[in-house]
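The structure under discussion appears below in the form of structure tokens.
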Amino acid sequence: MALVLELFLFSLLLPLSYCADPIAHYCAQNYTSNQTQTNINQVISDLTTKASVGGFAVTSSGTGNNTIYGLAQCRGDVSANDCSACLASAAKQFNLTCPNQSDARLWYDYCFVRYGTVNFIGQSDTGYVTIFYNTQNATNPDAFDKEVRRIMGKVNADAVSAGSNSLGREKTKFTQYITIYALAQCTRDLQPLQCAQCLSTTLQWFPIYCSHRQGCQVLYSSCIVRYEIYPFYFPLDSDTANSAKNSITKIVHPH
Ligand SMILES: *[C@@H]1O[C@H](CO)[C@@H](O)[C@H](O)[C@H]1NC(C)=O
Ligand SMILES: *[C@@H]1O[C@H](CO)[C@@H](O)[C@H](O)[C@H]1NC(C)=O
Ligand SMILES: *[C@@H]1O[C@H](CO)[C@@H](O)[C@H](O)[C@H]1NC(C)=O
Ligand SMILES: *[C@@H]1O[C@H](CO)[C@@H](O)[C@H](O)[C@H]1NC(C)=O
Ligand SMILES: *[C@@H]1O[C@H](CO)[C@@H](O)[C@H](O)[C@H]1NC(C)=O
Ligand SMILES: *[C@@H]1O[C@H](CO)[C@@H](O)[C@H](O)[C@H]1NC(C)=O
């Protein structure tokens, strides 16, 4: 699959707010078959039900070349209620964001839901990437980047380690007043080695887009990584001293 890069310059005013629009999406492959639509409906319904319990599900529906494969996963740190709400939003959003498309993927802060005609389950997919970064730069940026690299190494190792449910979370005090929060997550269908490979692929974008930035996230279909200087994962850290430092939002699509 060709690498498509979508780039958003961005910062969050309300990092923990939840809304129905996905933060990123990918749609491909128009279809016209009613059977495909029926299978997609079945897959979405299955995923919403099954992933609401335990935060992860894979499923498929149909036979032969009408088969639709699906995967849904909530970020490992979100509550069951937030997880269900996110999955329900995604289920409703597919028709709006990817109408009549048989390869559809929606990324939210709290969940990721995907379906397609190719069996992608258990395969690491880094064919499509979305990158967000804060337009604000860190003070003492070279030291900051070094600390970001260190903590990304830690969360990536956490996500790959046994019993982590493919989730890594870490924080580190950069200065007395600035804490860096980081998260890494793979989809739970991946083996540890595939997870590690996906996460290491995210790091190639850091020098290009995340350098000096106060926050950055790289979203693939098989793994995501993110760091910020405010708490954004659960359980919520009480340190909110940094949360006023985000500003201007810009969006760019360099194709
Ligand atoms: C898919 O359908 C959309 C909307 O009907 C259309 O704009 C687009 O050109 C189609 N793409 C392909 C590859 O056929
Ligand atoms: C597909 O569904 C539409 C609307 O439900 C119906 O009008 C059409 O006849 C169906 N086509 C086939 C091939 O079943
Ligand atoms: C799907 O399979 C049917 C029967 O095997 C075949 O006639 C049709 O061309 C296939 N469609 C596609 C899009 O591959
Ligand atoms: C999405 O659209 C399809 C085709 O029009 C329809 O069958 C399905 O029920 C819709 N799904 C939702 C959740 O609205
Ligand atoms: C999706 O397909 C249906 C049935 O073929 C059609 O009525 C509808 O306009 C299509 N939607 C889009 C956005 O192309
Ligand atoms: C932030 O740092 C990046 C990377 O060095 C640089 O390209 C950009 O101009 C800086 N932005 C500001 C507002 O200083």
Side-chain angles (χ1 to χ4, degrees), residues 1-12 15 22-26 56 71 73-78 105-114 120 122-135 137-138 141 144-161 164-172 174 180-230 232-233 251-255:
M1 194 187 306
L3 180 81
V4 183
L5 172 68
E6 271 191 37
L7 171 68
F8 299 82
L9 284 143
F10 133 126
S11 67
L12 283 173
I23 58 171
H25 68 272
Y26 176 85
F56 174 72
L71 178 151
Q73 181 167 321
C74 289
R75 225 175 61 195
D77 58 306
V78 309
R105 312 172 197 180
L106 301 179
W107 287 260
Y108 290 84
D109 277 338
Y110 292 172
C111 67
F112 170 70
V113 187
R114 169 183 189 183
F120 56 83
Q123 313 290 322
S124 177
D125 182 347
T126 52
Y128 179 77
V129 67
T130 303
I131 298 164
F132 292 90
Y133 64 83
N134 194 318
T135 53
N137 283 347
F144 185 84
D145 284 356
K146 199 171 164 209
E147 191 61 9
V148 165
R149 276 196 299 278
R150 199 182 65 78
I151 196 171
M152 292 323 296
K154 271 177 93 174
V155 286
N156 289 359
D158 290 352
V160 171
S161 69
S164 68
N165 256 343
S166 305
L167 174 73
R169 277 168 297 185
E170 296 282 350
K171 63 177 175 176
T172 178
F174 175 58
I180 305 173
Y181 298 84
L183 176 144
Q185 170 99 74
C186 291
T187 56
R188 282 157 56 183
D189 57 320
L190 297 190
Q191 296 300 313
L193 181 62
Q194 296 171 301
C195 176
Q197 284 168 342
C198 185
L199 293 173
S200 89
T201 306
T202 66
L203 296 179
Q204 72 176 311
W205 301 110
F206 275 63
I208 307 169
Y209 296 112
C210 308
S211 209
H212 299 178
R213 305 303 188 178
Q214 288 183 0
C216 200
Q217 38 181 327
V218 178
L219 309 177
Y220 280 122
S221 300
S222 291
C223 68
I224 61 170
V225 297
R226 179 177 180 185
Y227 73 85
E228 305 286 354
I229 57 166
Y230 55 79
F232 66 93
Y233 57 70
I251 298 177
V252 180
H253 298 264
H255 284 296

What pair of heavy atoms forms the shortest contact from Y227 to C210, and how long is it? OH-O, 3.1 Å
Decide yes or no for I229 and N134: does some side-chain heavy atom of the first lie under 4.5 Å from some side-chain heavy atom of the second? no
Euclidean distance, N165 CG relative to D158 CG, rounded to 0.5 Å: 13.0 Å
Looking only at heavy atoms, what is the nearest atom pair of Y220 and T201, with distance? OH-CG2, 3.3 Å
Does the side chain of V218 reach to within under 4.5 Å of the side chain of F206, using non-hydrogen atoms? yes
Can you measure from CD (Q214) to CD (E228) and round to the nearest 0.5 angstrom? 9.5 Å
List the residues meeting side chain to side chain donor-acceptor pair (under 3.5 Å) with K171, not counting sequence neighbours, and say none if there are none. D237
Parallel, tilted or perpendicular: which one describes the rings of Y181 and Y233, with boundaries at 30° and 60°? perpendicular
Any sub-3.5 Å donor-acceptor pair from Q185's side-chain atoms to S166's backbone N or O? yes
Considering only heavy atoms from C-beta outward, does the side chain of V113 approach that of Y108 to under 4.5 Å? no
Do W205 and Y133 meet the criterion of a side-chain donor-acceptor pair at a distance under 3.5 Å? no
Tell me every residue that passes salt bridge (Lys or Arg N to Asp or Glu O under 4.0 Å) with D145, counting only those two or more places apart in sequence or in another chain. none
Heavy-atom side-chain contact between I131 and I208 under 4.5 Å: no
With sequence neighbours excluded, what pairs up with R149 under the salt bridge (Lys or Arg N to Asp or Glu O under 4.0 Å) test? none
I want to know whether F144 and F174 have ring centres closer than 6.0 Å. yes
Smallest heavy-atom separation, L190 atom then S124 atom, equals CD2-N, 3.8 Å
Atom CG of L167 and atom CZ of R188: how far apart are they, to the nearest 0.5 Å? 9.5 Å
Check salt bridge (Lys or Arg N to Asp or Glu O under 4.0 Å) between R169 and all other residues, then give those that pass, not counting sequence neighbours. none
Sorted by chain and residue number, the side chain to side chain donor-acceptor pair (under 3.5 Å) partners of T187 (sequence neighbours excluded) come out as D189
Please tell me if the side chains of D109 and R226 come closer than 4.5 Å, counting only heavy atoms from C-beta onward. yes
Within this structure, what is the OH-CZ distance for the pair Y128 and R105, rounded to the nearest 0.5 Å? 9.0 Å
Ignoring hydrogens and geometry, is there a side-chain-to-backbone donor-acceptor pair from D125 to G127 under 3.5 Å? yes
Roughly how far, to the nearest 0.5 Å, is the OH atom of Y110 from the CD1 atom of I23? 11.0 Å
Quick check: are the SG atoms of C186 and C223 less than 2.5 Å apart? no
Non-hydrogen atoms of L199 and V225 that approach each other most closely: CD2-CG1, 3.6 Å
Quick one: pull up OG1 in T126 and CD in Q194 and give me the separation to the nearest 0.5 Å. 11.0 Å
Where do Y26 and W107 come nearest, in terms of heavy atoms and distance? N-CZ3, 3.8 Å
Measure across Q123 and S222 and return the closest heavy-atom pair with its distance rounded to 0.1 Å. O-OG, 3.5 Å
Please identify which of these residues, I224, L71, L106, L219, meets the side chain to side chain contact (heavy atoms under 4.5 Å, CB included) condition with F112. L71
Report the residues that fulfil side chain to side chain donor-acceptor pair (under 3.5 Å) with E147, sequence neighbours left out, ordered by chain and then residue number. R150, T172
